[in-house]
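Note on naming: letters A, B, ... go to the chains in the order of the sequence lines (proteins, then strands), and numbering restarts at 1 for each one.
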Amino acid sequence: MKEVKLINKKQCDEVFKILFQTWPQAQCELLHNNHFQLLIAVVLSAQATDKSVNKALEPLLQQSPFFSAADLIEMGEESFLKVIKSIGLAPTKARNCFKLAKILQEKYLGDVPLEREKLEELPGVGRKTANVILNVLCNLPTMAVDTHVERLSQRIGLVLQTKDRLKIEEELLKRVPQKYAVKAHHILIFHGRYHCVARKPKCELCPIEHLCLKVGVTH
DNA sequence: ATCCCGAGGG
DNA sequence: CCCTCTGGAT
């Protein structure tokens with residue numbers, strides 16, 4: 001018999017209240033000066049730390065603060081690959097970013113479309129990336145389910161056990177208090193990145209330890 | 001289900 | 001050494 005590991009609605013509200021107080025500064029940490037740069041950064045951040053993405057892009061953005069789709073097309077895929085070489089999955093990402101830039105130029109005058117369907121048509125952009133873009137640029141209450149959000153959701157007991165990220169997203173959106181709907185994604189990211197880490201979570205120091213079910217945590 | 005694949009941490 | 005990092009396309 002499979003035990004249902006889930007905290008109740010009241011506990012869920014408390015979790016977000018405490019986490020919001022713990023991480024009031026939670027926000028996107030990817031370097032960017034415009035919509036295009038954010039889109040590129042989010043695409044590059046797949047299976048990579050935001051630190052590694054910032055480290056690779058910083059010199060480029062320093063030299064070219066208004067770096068745009070047109071600029072990426074002009075510099076070429078090979079040159080861009082050299083820039084992002086230190087990031088994992090670089091060849092695939094360079095190809096996707098270059099193709100993406102060309103599509104933006106041809107279809108949207110170089111702008112980033114702020115609609116889910118159009119975003120997800122772009123190479124290298126899936127549901128998670130689209131959710132981040134819509135959240136950061138439009139302040140929409142989307143829930144991008146990445147490795148952190150998936151881990152914390154299961155661990156704390158915010159959602160039922162499943163590897164289906166769309167299901168996790170839907171369940172989370174139902175359970176997150178309205179007040180924190182827009183911030184919730186980054187609140188979870190910060191807690192996952194800096195505290196409730198994958199391997200050795202710092203449970204002794206955790207502000208929600210009394211509420212957490214610690215599903216799968218073995219010390 | 002499997003492939004893409006580099007740096008940083010433990 | 002092994003695991004992890006704001007996944008996506010096939």
Show me the donor-acceptor pairs within less than 3.5 Å that the side chains of residues 25-32 of chain A make with the rest of the protein, sequence neighbours left out.
from: Glu29(A); atom 1: OE1; to: Arg193(A); atom 2: NH1; distance (Å): 2.6
from: Glu29(A); atom 1: OE1; to: Tyr194(A); atom 2: OH; distance (Å): 2.5
from: Glu29(A); atom 1: OE2; to: Tyr194(A); atom 2: OH; distance (Å): 3.4
from: His32(A); atom 1: ND1; to: Leu30(A); atom 2: O; distance (Å): 2.8

Tyr194(A) OH - dT4(C) P separation (whole Å): 19 Å
Determine all donor-acceptor pairs shorter than 3.5 Å in which one atom belongs to a side chain in residues 80-91 of chain A; sequence neighbours excluded.
none

What does the B/S/- profile of nucleotides 5-10 of chain C look like, 5' to 3', with a 4.0 Å heavy-atom cutoff to protein? BBBSS-
Rounded to the nearest angstrom, tell me the gap between atom CD1 in Ile84(A) and atom P in dC5(B). 12 Å
Under the rule for salt bridge (charged side-chain N to carboxylate O under 4.0 Å, His left out), what residues qualify as partners of Lys179(A), not counting sequence neighbours? none
Taken to the nearest whole Å, CZ/Arg199(A) to P/dG8(B) is 15 Å
With side chains defined as the heavy atoms from C-beta onward, is the minimum distance between Glu150(A) and Ile168(A) less than 4.5 Å? yes
Expressed in whole Å, how much space separates the C1' atoms belonging to dG6(B) and dT10(C)? 22 Å
What's the gap between dT6(C) and dC3(B) when it is taken at their P atoms, as a whole Å value? 24 Å
Could you state the atom-to-atom distance from CG of Asn54(A) to C1' of dA7(B) in whole Å? 14 Å
Would you list the pairs meeting ring-ring contact (aromatic ring centres under 6.0 Å, His included) in which at least one residue belongs to residues 134-182 of chain A, sequence neighbours left out? Phe20(A)-Tyr180(A)
Side-chain atoms of residues 103-111 of chain A: list all donor-acceptor pairs with protein atoms under 3.5 Å, sequence neighbours left out, distances to 0.1 Å.
from: Gln105(A); atom 1: OE1; to: Gly110(A); atom 2: N; distance (Å): 3.2

How far does the C1' atom of dC5(B) sit from the matching atom of dC3(C), given to the nearest Å? 14 Å
Could you tell me how far dG8(B) sits from dG8(C) if I compare only their C1' atoms? Round to whole Å. 23 Å
